[in-house]
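Inspection log for the structure reproduced underneath, given as structure tokens.
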Amino acid sequence: MKYRKKPVVIEAIQWTGLNLKEIMEFVGKDLECNIIDTVPYVFMKIHTLEGTHECATGDFIIKGVNGEFYPCKADIFEKTYEEIKDLKGEL
């Protein structure tokens, strides 16, 4: 048998390495981060339904259909999702 993923609109934000405040507001209590002062680097982990996952610069953070958060590598995100330019594009 073959299956197709149901179309669903998600919310996501990309971690640029410079938008920590925006990430913190988006993820909330599911985010764990440590700022390392010796190097301009922020170490982030996201508590997901499957456990804790590291989030690297460039990863997208996706809010799932049940309000859960998880990281996704940029290349996988680009293959899986497309930006909605206006609300008429929602399914």
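These values consider heavy atoms only, across backbone and side chains, with no hydrogens, waters or symmetry-generated copies.
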Show me the donor-acceptor pairs, under 3.5 Å and distance only, between side chains in residues 17-24 and residues at least two apart or in other chains.
residue, atom, partner, partner atom, Å
Asn19, OD1, Thr16, N, 3.0
Asn19, OD1, Thr16, OG1, 3.0
Asn19, ND2, Gln14, O, 2.8

List the atom pairs, donor and acceptor, that lie under 3.5 Å between side-chain atoms in residues 61-74 and the rest of the protein, sequence neighbours left out.
residue, atom, partner, partner atom, Å
Glu68, OE1, Asn66, N, 2.9
Lys73, NZ, Asp59, OD1, 3.2
Lys73, NZ, Asp59, OD2, 3.3

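Under the side-chain hydrogen bond (donor to acceptor under 3.5 Å, both in side chains) criterion, Glu32 pairs with His47, sequence neighbours left out. Under the side-chain contact (heavy atoms from CB on, under 4.5 Å) criterion, Glu82 pairs with no residue, sequence neighbours left out.
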For Tyr81 and Ile10: C-alpha separation, side-chain torsions, deciding distance, then whether side-chain contact (heavy atoms from CB on, under 4.5 Å) applies. CA-CA 9 Å; Tyr81 301 97; Ile10 56 116; 3.6 Å; yes
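For the atom pair CD (Glu83) and CD (Glu78), the distance works out to 9.5 Å, reported to the nearest 0.5 Å. For the atom pair Lys29 NZ and Leu31 CG, the distance stands at 11.5 Å (nearest 0.5 Å).
Between Thr80 and Ile76 the shortest heavy-atom distance is OG1-O, 2.7 Å.
Applying the salt bridge (charged side-chain N to carboxylate O under 4.0 Å, His left out) test to residues at least two apart or on different chains, none of the pairs has a partner in residues 42-52.
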